[in-house]
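Let me begin by presenting the structure, written as structure tokens, before commenting on it.
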Amino acid sequence: MAKGGVCKTSIRRFDSDRGLHIYNSLTKQKELFLPQEDNKVGMYVCGVTVYDNCHVGHARAYVTFDIIRRYLEYRGYSVFYVQNFTDIDDKIIERAKEENRDIKEIAERFTDEYFEHMDKLRIKKASVYPKATQHIKEMITIIQGLLDKGYAYNANGNIFFEVSKFKDYGKLSGRTVTGSPGVTQVEADSGKRSPADFALWKSSKDGEPAWDSPWGPGRPGWHIECSAMSMKYLGKTLDIHGGGQDLIFPHHENEIAQSESYSEQPFVKYWLHNGFVTIEDEKMSKSLGNVFTLKDIFKDHSPENLRFLFLTAHYRSPMDFGIGKLKETKTGLDKIYNLIEKIKLIIDRSSANAFGERQQTEEEKSLIEKIQKAKAEFEAAMDDDFNTPLALGSIFDLVRDTNTFIKNAVDGKEEKVDSAATEVLNRVLIVLGELMELLGLPVVPTDTTDRASQHLTSIMEILTEVRNTARAKKNWEISDKIRSDLDSLGIVLEDHREGTTWKWK
RNA sequence: GGCGGCAUAGCCAAGCGGUAAGGCAGAGGUCUGCAAAACCUUUAUUCCUCGGUUCGACUCCGAGUGCCGCCUCCA
């Protein structure tokens, strides 16, 4: 396969074949990614409404855009990432009422929970997290502008966007104004001229939270906050706007309508939408009672396990979630971690200076080629609309090749591994680490990284030492007891030529 | 009803005009005190069905079947 590189270049005929290609929901095709301004990317992702616990669906969405963001940065772009919090909304008001608390308290509680879980999932922080309630002024400005231009009308203090005035309406969702199933009647007292019209501003009823506006006290409609906040932080045209597939209609369609009517500029260059999480092939919803919250999942499963599961499917495909799947993919993830641990062990035990310089063996040269190949394939996969399942394939190839190398060049030899061999293995470690980081996966499983576990690490060292002493004396009774007792605690010991490693089941 | 998506081995999942990546599970073998891990071999003459285009189709076109999502809050 030494000629592989030559083959590859001959396959790539045009320059435009190279470079990052992204599927754009607006044009429904993959396009070469070119931001407006050379290496700067402005990216907006619809955030959560903070009224309830985070679930797997949220996790998938934000992991998806986290990986996209990480890859853009890896590709040398400077990304300005904006993600909002909807902290005023009917559901928050409802919940506050139920619990007899202030809406602010509710919003803060779930905002904190959001960060707690997203941190566990290693989702990088956005550049800004604007909140709807802190941008009422900006929203009012846009609404007023839309009124002035004749795109909106006032009906008893409610301001509606008049959809028929915007000729491009439906260009994202393919939805026409008359496409509804006939059920949608104009609500009697709303004052809407057409069922398709949507609220920019809602006048408030007594006791509801309200802000002053030129049209009387009220609160913003759902869609306007995203237009106001995205344009405030990213300008009139965003490079990327992301969100879940369910947001395409009406939310994103309405964002386009109001933003473009107001700014007279294209609102978004690339629209990205992640696929949904289903449970037993059905949509996850409260009414079906099949919601998996992150809190529950993290009780028994590590965050990287969940993240890894998301990576096994393309971000635009639907993903069926289940605990069984989570366990299955853990085995795959462990395969990578097993190798990392093993390499570390070999490097630790190697004779540092050994015999000084010597020629690389054929096996070492071949491994180095495979490292480069894996990296190139990984990048090509990610360049193709962030194809993580394909990218994972290149990682697994590298893992297998490295294991084979270890088997032949390390395990098979009596003498200690010398510096030339460890240098090659170290390269694997570096590249593996780099790719894992790109996918947001920790290089060390999180179970061993928190504070309490630090002690555990030391204790495990002592235990394995004692056990290995017993083994050296062929005292299998004691050594096997230690192993089986640990096993019942969920800790698995693995004896290698170079020493013993352990991991959680 | 309108709009959109998907159908690839036991399961998950890439590929989308040049003859089926990868992972899990299974089987056999190697290594090992045993176990685990790891490695090797093996598991789709075939990609929902039927037509068509083509030298050639899982990949393109048409029809059909079956699932799913959106059209109401939603990642």
Side-chain angles (χ1 to χ4, degrees), chain A residues 25 28 45-49 51-52 54-65 86 89-91 94 170 173-176 178-184 195-196 222 242-251 253 273-278 281-287 308-309 311-314 316-320 322 324-325 327-339 341-342 377 381 384 387-397 399-408 411-412 471 474-476 479-480 483-484 487 492-497 500-503 505:
Chain A
S25 310
K28 295 180 176 50
V45 175
C46 284
V48 287
T49 301
Y51 78 105
D52 209 346
C54 294
H55 56 245
V56 232
H58 294 122
R60 156 110 113 151
Y62 300 117
V63 164
T64 295
F65 290 106
T86 301
D89 155 280
D90 290 350
K91 291 189 295 295
E94 210 174 290
S173 62
R175 213 64 56 90
T176 54
T178 49
S180 294
V183 206
T184 322
W222 173 34
Q245 247 156 28
D246 58 327
L247 295 179
I248 292 175
F249 191 87
H251 189 233
E253 194 66 65
H273 293 96
N274 67 277
F276 250 61
V277 173
T278 57
D281 289 324
E282 273 185 323
K283 186 176 173 175
M284 192 171 61
S285 74
K286 286 193 187 134
S287 51
F308 187 76
L309 174 64
L311 298 175
T312 62
H314 186 90
R316 282 189 282 117
S317 308
M319 150 154 298
D320 199 51
K325 295 239 172 67
K327 287 179 179 164
E328 268 168 34
T329 52
K330 179 171 188 299
T331 314
L333 218 208
D334 278 347
K335 198 171 185 159
I336 302 172
Y337 286 135
N338 284 340
L339 176 65
E341 287 307 303
K342 196 164 183 200
E377 284 176 357
D384 185 12
N387 193 332
T388 54
L390 223 203
L392 246 29
S394 69
I395 290 186
F396 281 115
D397 286 342
V399 169
R400 194 194 52 240
D401 291 338
T402 308
N403 272 320
T404 305
F405 173 84
I406 291 174
K407 182 179 175 261
N408 297 333
D411 285 351
R471 287 176 67 218
K474 296 195 195 288
N475 190 337
W476 311 127
S479 61
D480 287 353
R483 187 172 61 197
S484 71
D487 186 83
V492 182
L493 291 183
E494 291 168 8
D495 296 325
H496 302 99
R497 195 190 186 87
T500 303
T501 57
W502 68 275
K503 68 181 178 195
K505 247 197 262 186

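Below, each value reflects all heavy atoms present in this structure, side chains not excepted, and no hydrogens, waters or symmetry copies. Per chain, numbering begins at 1; letters A, B, ... match sequence-line order.
For the ring-ring contact (aromatic ring centres under 6.0 Å, His included) test, no residue two or more places apart in sequence or in another chain qualifies with A:H496. In terms of the salt bridge (charged side-chain N to carboxylate O under 4.0 Å, His left out) criterion, residue partners of A:D384 (sequence neighbours excluded) are, by chain and number, A:K30. Here A:H251 pairs with A:W222, A:H223 under the ring-ring contact (aromatic ring centres under 6.0 Å, His included) rule; sequence neighbours left out. Partners of A:F65 according to the ring-ring contact (aromatic ring centres under 6.0 Å, His included) rule, which considers only residues two or more places apart in sequence or in another chain, do not exist here.
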Dump every N/O contact between nucleotides 32-34 of chain B and the protein below 3.5 Å, one line per pair.
{"from": "B:rG33", "atom 1": "O6", "to": "A:R471", "atom 2": "NE", "distance (Å)": "3.2"}
{"from": "B:rG33", "atom 1": "N1", "to": "A:D480", "atom 2": "OD1", "distance (Å)": "3.1"}
{"from": "B:rG33", "atom 1": "N2", "to": "A:D480", "atom 2": "OD2", "distance (Å)": "2.7"}
{"from": "B:rC34", "atom 1": "O2", "to": "A:R483", "atom 2": "NH2", "distance (Å)": "2.3"}
{"from": "B:rC34", "atom 1": "N3", "to": "A:R483", "atom 2": "NH1", "distance (Å)": "3.0"}
{"from": "B:rC34", "atom 1": "N3", "to": "A:R483", "atom 2": "NH2", "distance (Å)": "3.3"}
{"from": "B:rC34", "atom 1": "N4", "to": "A:D495", "atom 2": "OD2", "distance (Å)": "3.3"}

Between the protein and nucleotides 3-13 of chain B, list the N/O to N/O atom pairs that are separated by less than 3.5 angstrom.
{"from": "B:rC3", "atom 1": "O2'", "to": "A:S173", "atom 2": "O", "distance (Å)": "3.1"}

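Using a 4.0 Å heavy-atom cutoff across all strands shown, A:N274 reaches at least one base atom of the nucleic acid. At a threshold of 4.0 angstrom between heavy atoms, the contacts of A:G47 are confined to the sugar-phosphate backbone, with no base atom among them.
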For a side chain to side chain donor-acceptor pair (under 3.5 Å) check, start with the C-alpha distance between A:E253 and A:S173, then their side-chain angles and the critical distance, and finish with the verdict. CA-CA 7 Å; A:E253 194 66 65; A:S173 62; 2.6 Å; yes
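As the counterpart of B:rG62, B:rC50 is assigned, both hydrogen-bonding distances of the Watson-Crick or G-U wobble pattern falling under 3.5 Å. Across all strands shown, nothing is found opposite B:rA37 as a Watson-Crick or G-U wobble partner with both distances under 3.5 Å. Here B:rA21 sits opposite no nucleotide as a Watson-Crick or G-U wobble pair (both hydrogen-bonding atom distances under 3.5 Å). In this structure B:rU32 sits in no base pair that meets the Watson-Crick or G-U test at under 3.5 Å.
We find that the ring of A:Y62 and the base of B:rA75 do not stack by the test of centres under 5.5 angstrom and planes tilted less than 30°.
Separating the CG atom of A:D397 from the P atom of B:rC39 is a distance of 11 Å, rounded to the nearest angstrom. At whole-Å resolution of the value, CG in A:D401 and P in B:rA21 are 16 Å apart. In this structure, A:F276 places its CZ atom 14 Å from P of B:rC73, rounding to the nearest Å.
A salt bridge is absent between A:K342 and A:E494: the closest approach of a Lys/Arg side-chain nitrogen to an acidic carboxylate oxygen does not fall below 4.0 angstrom. At a threshold of 4.0 Å, the pair A:D246-A:K283 does not count as salt-bridged, since none of the basic side-chain nitrogens sits closer than that to a carboxylate oxygen.
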